[in-house]
Enquirer: 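Have a look at this one.
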Number of protein chains: 2
Amino acid sequence: MTRQRLAIFAALAQLGGHRTAEEIYELVRTQYPEVNLSTVYRNLDLGVALGLVTQTDLGGGIRRFEFVRAARHHHLVCQQCGAVAELEDEVLEPLRAALHQRHGFVAHMDHFAIFGICAECQSRRQAAEAQLPG
Amino acid sequence: MTRQRLAIFAALAQLGGHRTAEEIYELVRTQYPEVNLSTVYRNLDLGVALGLVTQTDLGGGIRRFEFVRAARHHHLVCQQCGAVAELEDEVLEPLRAALHQRHGFVAHMDHFAIFGICAECQSRRQAAEAQLPG
DNA sequence: ATAACTGCAAAACTTTTGCAGGAGT
DNA sequence: ACTCCTGCAAAAGTTTTGCAGTTAT
């Protein structure tokens with residue numbers, strides 16, 4: 001456990017939520033200016049391999065890292081306004097069971113991102129359509 | 001409709017399944033050596049925008065493109081052996097309904113990739129564990 | 001001591017963009 | 001004609017790698 005590794009995990013914890021390697025790098029650098037971005041990647045990958053960290057792509061092909069929490073959770077990402085809502089894992093439980101029963105497949109859905117349109121944007125869109133019929 | 005565009009869509013059709021821009025590029029080049037990779041990307045993006053083509057990341061951060069089929073489908077990707085199995089859309093229907101009911105969220109799950117361990121690798125693993133107890 | 005970790009620099013890799021010229025309708 | 005499309009080259013962006021030196025245990 002080097003001081004860089006500690007600082008990287010601490011930064012991930014301090015920032016909270018889903019963070020890119022770059023964001024973590026920026027914070028670590030305030031304390032250890034010599035730390036390199038590749039070290040950040042190496043330690044995040046290690047965290048993922050050890051099961052301490054999960055990674056998700058919330059869109060745009062950029063990985064985001066987060067500490068594993070007590071309660072597994074997922075995300076609903078609005079493709080219109082960009083809002084990211086949290087989703088309890090239990091909603092995925094029936095799907096997980098169905099995949100196992102019907103396909104013998106053990107799904108690793110630890111940190112899912114589901115894309116779509118959020119409730120707010122739905123009603124906003126409906127209101128707009130009422131204004132401009134046709 | 002230029003001859004490049006036609007060739008790109010034809011290549012996607014001919015190859016079938018999920019293809020990377022690079023794969024399509026290679027095939028198109030056998031017929032039109034002067035075609036550029038950026039043209040492939042531009043036309044695939046156009047196809048996606050028109051709803052003729054779907055894109056999925058089957059792992060590794062590389063986009064894969066596929067013609068839209070009559071029946072919407074998804075994929076089960078085995079993280080151990082790399083097998084990609086097909087998943088009927090109806091399995092996702094309850095989840096879609098739950099997200100709408102509980103969160104007012106309209107999920108755009110048109111071409112999902114779910115990662116995990118396939119049935120074969122499950123039994124292979126169990127067999128190995130029986131061999132090496134402990 | 002020795003194995004693991006780091007910094008640096010450079011590259012790998014997919015994807016995007018600006019621009020000038022060319023093709024389609 | 002006039003817009004859309006393409007080729008080229010270059011860059012943008014994230015992530016990986018080789019290597020030599022340093023650090024942890």
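Just so it is clear: chains get the letters A, B, ... in the order the sequence lines come, proteins before strands, and each one is counted from 1. These numbers were taken from a predicted model, which means no experiment stands behind them.
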Enquirer: Find the bend of the helix from C:dA1-D:dT25 to C:dA12-D:dT14 as the angle between its two terminal axes (five pairs each), to the nearest 10°.
Expert: 40°
Enquirer: Determine, using ring centers only, whether B:F65 and B:F9 are less than 6.0 Å apart.
Expert: no
Enquirer: Walk along DNA chain C from 5' to 3' and tell me the first and last nucleotide with an atom closer than 4.0 Å to a non-hydrogen atom of chain A.
Expert: C:dC5 to C:dC8
Enquirer: For A:H74 together with A:H111, are the ring centres under 6.0 Å from each other?
Expert: no
Enquirer: If you take all heavy atoms of B:L99 and B:A107, which pair is closest and at what distance?
Expert: CD1-CB, 3.9 Å
Enquirer: Please tabulate, one pair per line, each protein N/O and nucleotide N/O from nucleotides 21-25 of chain D that are separated by under 3.5 Å, including the distance.
Expert:
from: D:dT25; atom 1: OP1; to: A:M1; atom 2: N; distance (Å): 3.2

Enquirer: Taking the side chain as C-beta and beyond, is there a heavy-atom pair between B:V68 and B:L52 under 4.5 Å?
Expert: no
Enquirer: If you take all heavy atoms of A:A113 and A:V77, which pair is closest and at what distance?
Expert: CB-CG2, 4.3 Å
Enquirer: When the distance from CG of B:L37 to P of D:dA11 is rounded to whole Å, what number comes out?
Expert: 18 Å
Enquirer: Would you indicate whether B:E86, at its atom CD, is surrounded by more than 12 heavy atoms from other residues, nucleotides or ligands within a distance under 6.0 Å?
Expert: yes
Enquirer: B:N43 CG to D:dG7 C1': how many Å, rounded?
Expert: 13 Å
Enquirer: Salt bridge or not between A:E22 and A:R19? Use side-chain N to carboxylate O under 4.0 Å.
Expert: no
Enquirer: Over how many whole Å does the gap from B:R63 atom CZ to D:dT14 atom C1' extend?
Expert: 15 Å
Enquirer: Tell me what A:R42 touches on the nucleic acid: a base, only sugar-phosphate, or nothing, going by heavy atoms under 4.0 Å.
Expert: base
Enquirer: In whole angstroms, how far is the C1' atom of D:dA11 from the OH atom of B:Y41?
Expert: 15 Å
Enquirer: Tell me the interatomic distance from B:E34, atom CD, to D:dC5, atom P, rounded to whole angstroms.
Expert: 18 Å
Enquirer: Over all heavy atoms of both residues, which pair between A:F112 and B:I114 is shortest? Give the atoms and the distance, please.
Expert: CZ-CG1, 4.0 Å
Enquirer: OP1 or OP2 of D:dC5 less than 4.0 angstrom from a side-chain nitrogen or oxygen of B:R5, does that happen here?
Expert: yes
Enquirer: Should A:E23 and A:R29 count as an ion pair when the cut-off is N to O under 4.0 Å?
Expert: no
Enquirer: Please compare A:N36 and B:G61 by the position of their nearest nucleotide in DNA chain C and report the one closer to 5'.
Expert: A:N36
Enquirer: Is A:T30 reaching over with its side chain to a backbone N or O of A:E26, donor-acceptor style, under 3.5 angstrom?
Expert: no
Enquirer: Using atom CZ of A:R64 as one end and atom P of D:dT15 as the other, report the distance to the nearest whole Å.
Expert: 10 Å
Enquirer: Kindly work out whether a path of hydrophobic side-chain contacts (I/L/V/M/F/W/Y, heavy atoms less than 4.5 Å apart) joins B:M109 to B:L87.
Expert: yes
Enquirer: B:L6 CG to D:dT6 P: how many Å, rounded?
Expert: 11 Å
Enquirer: With a 4.0 Å cut-off on heavy atoms, is A:D57 in touch with a base, just the backbone sugar-phosphate, or nothing at all?
Expert: nothing
Enquirer: Looking only at non-hydrogen atoms, find the nearest pair between A:Y25 and A:L37 and report the distance.
Expert: CE1-N, 3.5 Å
Enquirer: Under 4.0 Å between any heavy atoms, over every strand shown, what does B:T20 touch: base, sugar-phosphate, or nothing? Just pick one.
Expert: nothing
